[in-house]
Amino acid sequence: MSDLRVRFAPSPTGYLHIGGARTALFNYLLAKQQQGTFVLRIEDTDVERSTQESVDAILDAMDWLGLACDEGPIYQSDRFDLYRQKVQQLIDEGKAYRCYCTSEELDAKREAAMKEGRKPKYDGTCRDRSDQPDAPYVVRFKLPTDRDETTFDDRIKGPITFKHDELDDLIIQRTDGTPTYNLVVVIDDAEMGINLVIRGDDHVNNTPRQVLLYEALGYAVPEFAHVPMILGADKKRLSKRHGATSVMAYQEMGFLPEAMVNYLVRLGWSFGDEEIFSMADLIEKFSLENVGRAAGVFNPEKLLWLNSHYVKTGDAERLAKLLVPFLEAKGLNVNDGPDMVAVVKTLQERAGTMVEMADGAAFYFTDVIEYEEKAKAKFLTADKKDLFATLVAELEKCEVFNEAALEAAFAVIMEKTELKFGKIAQPLRVALTGGTASPSIYHVLEVLGKDVALQRIKAAVTALA
RNA sequence: GUCCCUAUCGUCUAGCCUGGCCCAGGACACCGCCCUUUCACGGCGGCGACGGGGGUUCGAAUCCCCCUGGGGACGCCA
């Protein structure tokens, strides 16, 4: 057990998105690798926007990805007393003060500053006032003046320095008495003993303020590792308009969690020329040193490729279980079809996602085959009558439907009909599956079984044009 | 606008710290060929990048500077 303590701290204002999942994953991997502790904290200080529904969605997604936490979830909304106490401490020590400026005034000043090309910062109006008007107030943290810059050494980006005149007195407590993000994140990370903060790039600018807060509160400053953002194909920050950004949306689209994990980790991290990593590999091989510093573009195509890899190589029993809901979503009755594992095995190398697999498996579970228009027109023609008759006659003779028996039967059929294999297989495929693309014809026959197969061939004869 | 970060094929990246092994390697996508009962899988091959300009050096993708591009932050959101 090492003393590494990391955390993932999402705010429950929506689903777990791709970017969040990746930072959660990085945290998880490092914790497991160093036998440290992975804490999950729910940042719900914004009472207005936080919902239990979002918390559940985030928990579900982490569960799906296999990112179990060691501690938590801890809710910040349960800890308001602690935060108030710390705010009071800062006020008592003269490190924070009440500010009576209204948000309207602040907005106006900010806008004016922007317009003049100045950095929009708080002008310190209330910083030195000694009166205590009977009016709503926020509490601001007094920017320390004992030095004029703050530096931290980012584990991914290296040393980063901010001049204090870029900073201002930030609000740590709102008018309604609730604490703000920059304060609580510091208190919680410190109180929870977090010694390495791995989070999104977008927090770099908050970090110097937080360092100052750690110092003001007498806490040890943790290490930081800021991971780059994920962008869409247009190099803009990844958002809904680029497609699905919710992790669980990918589950619904038929992606496997191991593919998502593999994809996410490779976006911005590499290990030589290797592409395929299991969670166990990652726990062994992941390191912050190999995380890139630049933002990366989310590439659904590569995710798909990884997914087909995992579908192809995955355990059929497991995939069979996963496939059921996708089949049911198509309104298919999975109870009176062929053996599900056998079905999966015929489809593994031809399906990119579980949705595709369900599409490809549909014919196994339908009583009445609906023929594709073109397929029917091309292959279910009147001249196929003899062929199908021979097919029925010879297949009837097979005692078992296995590859060896079927091959023997087809040898006879080819001889009797004087047709090449392809000329027989395609019409038969249409009869059996309704279309021209399917798993190997022997496998289809075998999985369907003698009774169903013959029944379908006979039905096709009736449908001959 | 100001500040912070960043920059190798279309995309993810190796290489950069410790200059020469790199007229830059792998993967996805794309194209072609092969395999083949369909669709796929697979195999083989191809296309394709060091953003620009200055330095330093015998020699730079690798070190330094400038420019440009991209991202982020600037909230009583997190």
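Below, chains carry the letters A, B, ... as their sequence lines are ordered, and counting in each starts from 1. As the structure is a prediction and not an experimental result, all values here were calculated from the model.
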Distance check needed: [N] [atom2] versus [X] [atom1], whole Å only.
{"X": "A/K235", "N": "B/A7", "atom1": "NZ", "atom2": "P", "answer": "12 Å"}
{"X": "A/D176", "N": "B/C77", "atom1": "CG", "atom2": "P", "answer": "8 Å"}
{"X": "A/Q173", "N": "B/C77", "atom1": "CD", "atom2": "P", "answer": "12 Å"}
{"X": "A/D165", "N": "B/U2", "atom1": "CG", "atom2": "C1'", "answer": "11 Å"}
{"X": "A/N206", "N": "B/C5", "atom1": "CG", "atom2": "P", "answer": "15 Å"}
{"X": "A/Y310", "N": "B/C41", "atom1": "OH", "atom2": "P", "answer": "18 Å"}
{"X": "A/R209", "N": "B/C77", "atom1": "CZ", "atom2": "P", "answer": "14 Å"}
{"X": "A/L16", "N": "B/A78", "atom1": "CG", "atom2": "C1'", "answer": "14 Å"}

So what does [X] touch, heavy atoms closer than 4.0 Å: a base, only the sugar-phosphate, or nothing?
{"X": "A/F298", "value": "nothing"}
{"X": "A/R266", "value": "base"}
{"X": "A/G360", "value": "nothing"}
{"X": "A/T178", "value": "nothing"}
{"X": "A/K236", "value": "sugar-phosphate"}
{"X": "A/R49", "value": "base"}
{"X": "A/K423", "value": "nothing"}
{"X": "A/E301", "value": "sugar-phosphate"}
{"X": "A/V138", "value": "base"}

Earlier contact from the 5' end, RNA chain B, for A/R110 and A/L231: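 By nearest-heavy-atom nucleotide position, the 5'-most residue is A/L231.
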Is the glycosidic torsion of B/C5 within 90° of 0, making it syn, or is it anti?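 Base orientation relative to the sugar is anti.
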About how many Å separate CG of A/L82 and CG of A/D188, when rounded to the nearest 0.5 Å?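 Rounded to the nearest 0.5 Å, the CG-CG separation comes to 7.0 Å.
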What's the separation between atom CD1 in A/I172 and atom CG in A/L183, rounded to the nearest 0.5 Å?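 One finds 4.5 Å between CD1 of A/I172 and CG of A/L183.
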Test your reading of the model: is there a side-chain donor-acceptor pair from A/E105 to the backbone of A/C101, 3.5 Å cut-off?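 Not a single qualifying donor-acceptor pair exists.
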Considering only heavy atoms and no angle criterion, is a donor-acceptor pair shorter than 3.5 Å present between the side chain of [X] and the base of [N]?
{"X": "A/R429", "N": "B/U37", "value": "yes"}
{"X": "A/T175", "N": "B/C76", "value": "yes"}
{"X": "A/D273", "N": "B/G25", "value": "yes"}
{"X": "A/E349", "N": "B/G42", "value": "no"}

Does A/E407, at its CD atom, have more than 12 non-hydrogen atoms belonging to other residues, nucleotides or ligands within less than 6.0 Å?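 Result for CD/A/E407: enclosed.
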Roughly how many Å apart are [M] and [N], using the [atom1] atom of each and rounding to a whole number?
{"N": "B/C44", "M": "B/U6", "atom1": "P", "value": "39 Å"}
{"N": "B/C65", "M": "B/G75", "atom1": "P", "value": "31 Å"}
{"N": "B/G42", "M": "B/A27", "atom1": "P", "value": "12 Å"}
{"N": "B/U18", "M": "B/C12", "atom1": "P", "value": "27 Å"}
{"N": "B/C31", "M": "B/U37", "atom1": "C1'", "value": "26 Å"}

What is the pairing partner of B/A7, taking Watson-Crick or G-U wobble pairs with both distances under 3.5 Å in any strand?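 Because both required distances fall under 3.5 Å, B/A7 counts as paired with B/U68.
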For B/C44, the Watson-Crick or wobble partner whose two distances fall under 3.5 Å: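 Matched B/C44 with B/G32 under the 3.5 Å cut-off.
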Can you tell which of [options] lies closest to the side chain of [X]?
{"X": "A/R350", "options": "B/C39, B/C41, B/A29", "value": "B/C39"}
{"X": "A/Y181", "options": "B/C39, B/A78, B/C3", "value": "B/A78"}
{"X": "A/P120", "options": "B/G1, B/C76, B/C28", "value": "B/G1"}

Does the structure place the NZ or CZ of A/R140 under 6.0 Å from the centre of the six-membered ring of A/Y122, at an angle of no more than 45° from the ring's axis?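 Positive - A/R140 is close enough to the ring of A/Y122 and near enough to its axis.
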For the residue pair A/F38 and A/F8, is the inter-centroid distance of their aromatic rings smaller than 6.0 Å?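 Here the rings of A/F8 and A/F38 have centres that are no less than 6.0 Å from each other.
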Is a side-chain donor-acceptor pair under 3.5 Å present for A/Y364 with A/T346?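 Judged by distance alone, the side chains do pair up.
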